[in-house]
Amino acid sequence: MTFQPHGKHLIDGEWVASGARFASSPAHGSAHSFGVASAAEVDRACRAAQEAFWSFGYTPVEQRAALLNTIADEIDVRGDDITAIGTQETGLPEARLQGERGRTTGQLRLFADHILRGEHRDRRHDVALPDRAPLPRPDLKMVQRPIGPVAVFGASNFPLAFSTAGGDTASALAAGCPVVVKGHPAHPGTGEIIAEAIHAAIAKCDVAPGTFSFLQGDTREMGQALVQHPLITAVGFTGSLGGGRALFDLCAARPTPIPFFGELGSINPMFLLPEALKTRNDDIASGWAGSLIMGAGQFCTNPGMVVMVDGPDADAFAIAAAKSLLPVGPQTMLTDGIAAAYRDGCERMAANTGVEVLSSSTCNDRTATPNLFTASGAEWLANPALGEEIFGPVGLIIRAADIAEMLKIAHTLEGQLTCTLHMNDGDTPMAQRLVPVLERKAGRIMVNGFPTGVEVCDAMVHGGPYPASTNFGATSVGTLAIRRFLRPVCYQNVPQDLLPVDLL
Ligand code: NAP
């Protein structure tokens, strides 16, 4: 590996060394030292972002598209080094990081194409009706405008696609909003090399340097200072329910509250309908097991719970799923803390008297092995803790007494990123009763598939009712994600010379 992190922040186009330091904790390889941004450094980055907004917020879409495409090119140039440091820091396999890099650059280029098409502007025009009675109508034009500097928190589980140049950053830059990133302390070197790529692209595209700043740190104070900074106008976040909720509350409690677009926890329930369970039992069980262990289960779309009607088919499903999970050995997790939280969660689950352990194994340090549990529908309904996310390769099979109890479980679910139906044609009447319930619970409804693997495209919704997200109708993946960082402005009788370039 040729890239050696220097541990500095990128603020307003300059690499800045901090006094306070923290050491990285890589899965393998040597640790490196990184700065912890002070309140003064947070302030400098936010002020630079505000200053940059006065030019970047008014750039033509062609210039912003060029920036996004150049960032993607600069990431490609550093591809091997990104994979090397990313693998060391996160323990994720090389192939996964290469794939995630392709997704990240593809996402940047997708946003470039999207803004060139112009649909994000959502332009509307009600022409003046001076002769209308009893009152004339003025000329009214509407366009979506960028909101201002955006803070982005990198996610531990997607060091590329949801971090420094991930979907939040790409969609904010596409909208015309400068970005201040708090890199995730689990992969600070990966964040740094991506920040270098963005820095190089900004210089090539002649964009104001304050358009992108990158701050490191492993303290709560730093993240809190960032979301409370008066010049920050919105926050993009992917992470835990506890951390996300704390930051959401801080955003709401500011003298000027701002939107907090948090993507938090989800158990992504799958409903296995009777005919599908009878005819495709083994296939669904092995597919579910594969989805559960993918990336050591560290996906927000991990399908942690399946619901079916109890009986011999449910017994066979449990046996087949346990058989698929049994040979899976320990997988490296992203951080020691995430591995410890996984073990604690599985121990809490096993301690419930109404929960039966179908398959368990021991793991230690930074590793995880799969665990499989089962409980009755009545137990699940009586014990809300069984609906909480355990981040890692764990599955819970819920055996409902009958179809009516399955529906009751669907009604009782908290907000989810995804809900899945496994069904045959003969299950359609039951599915027709479930879909209206599930579409109120989740951002994405799937049939006969597994939710891990989120397509980045125009129709994707990666969000959902709380606690899946705090997005209130938005998505953090796909081109619709840009809407989070735009605000509609109406121009009434405003002369052409005063209109923003987006309206011309
Ligand atoms: P996290 O603890 O929520 O941290 C995410 C980011 O937010 C970090 O930069 C963290 O900074 C910051 N942060 C958290 N709480 C904060 C607070 N109260 N004030 C200020 N900043 C705060 O998430 P994580 O480190 O990625 O993983 C921990 C757990 O999150 C996992 O075990 C898993 O349960 C969950 N998780 C869920 C998803 C998902 O997609 N649903 C994804 C990743 C993780 P510091 O690290 O410096 O505190």
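Keep in mind it's a predicted model, so treat the numbers as computed, not measured. Both counts, for ligands and for their atoms, begin at 1 and track the order of listing.
Under a 4.0 Å criterion applied to the non-hydrogen atoms of Thr238, ligand 1 contributes the atoms 40 (O). Residue contact check: Phe153 has heavy atoms under 4.0 Å from atoms 7 (O) of ligand 1. Heavy-atom proximity to Asp218, at under 4.0 Å, picks out these atoms of ligand 1: 47 (O). Applying the 4.0 Å criterion to heavy atoms of Ala246 picks out, from ligand 1, the atoms 18 (N).
With a 4.0 Å heavy-atom cut-off, ligand 1 is reached by no atom of Phe299. Counting heavy atoms under 4.0 Å from ligand 1, residue Met222 does not touch it at all. No part of Leu250 comes within 4.0 Å of ligand 1, judged by heavy-atom distances.
For atom 9 (O) of ligand 1, the closest heavy atom belonging to the protein is Lys182 NZ, 2.8 Å. Among protein heavy atoms, the minimum distance from atom 13 (N) of ligand 1 is reached at Arg220 NE, 4.0 Å. Atom 27 (O) of ligand 1 has its closest protein heavy atom at Ile338 CD1, 3.7 Å. Protein heavy atom closest to atom 26 (O) of ligand 1, with residue, atom name and distance, is Ser156 OG, 2.5 Å. Scanning the protein heavy atoms around atom 6 (C) of ligand 1, the nearest turns out to be Phe237 CE1, 3.8 Å. What sits closest to atom 31 (C) of ligand 1 on the protein, heavy atoms only, is Phe391 CD2, 3.7 Å. The nearest protein atom to atom 37 (C) of ligand 1, hydrogens excluded, is given as Gly239 O, 3.3 Å; this is a heavy-atom distance. Looking at atom 41 (N) of ligand 1, its nearest protein heavy atom turns out to be Leu264 O, 2.3 Å.
Under the 6.0 Å cut-off for aromatic ring centres, Tyr342 and Phe391 do not qualify, their centroids lying 6.0 Å or more apart. A distance below 6.0 Å separates the ring centres of Trp15 and His6. Remark: aromatic rings of Phe248 and Phe237 are distant, center separation not under 6.0 Å. No close placement of the His120 and Phe485 rings is indicated, their centers lying 6.0 Å or farther apart.
A donor and an acceptor atom, one from each side chain of Arg21 and Ser33, are located under 3.5 Å apart. Side-chain atoms of Glu94 and Thr83 form no donor-acceptor pair, as typed in the model, at a separation below 3.5 Å.
Note on Lys8 versus Glu41: no salt bridge recorded, every NZ/NE/NH1/NH2 to OD/OE distance being 4.0 Å or above.
Stacking of Arg103 on the aromatic ring of Phe158 is recorded, both the 6.0 Å distance cut-off and the 45° axial limit being met.
Counting heavy atoms only, His184 comes closest to atom 24 (P) of ligand 1 of the residues His184, Gln298, Arg245. Comparing heavy-atom distances from atom 3 (O) of ligand 1 across Ser469, Gly243, Ala341, Ser240 singles out Ser240 as nearest.
In terms of polar-atom proximity, defined here as any N/O pair under 3.5 Å, Gln224 does make such a contact with ligand 1.
Residue Pro185 places a heavy atom less than 4.0 Å from ligand 1. Using a non-hydrogen distance threshold of 4.0 Å, Tyr342 does not register as a contact of ligand 1.
Using a 4.5 Å cut-off on side-chain heavy atoms (C-beta onward), Leu250 and Phe260 make no contact. Between Cys300 and His462 there is a side-chain heavy-atom pair separated by less than 4.5 Å. Taking the side chain as every heavy atom from C-beta outward, Asp43 and His229 approach each other to under 4.5 Å.
Scored by the side chain to side chain contact (heavy atoms under 4.5 Å, CB included) test, Ser240 finds no partners at all (sequence neighbours excluded).
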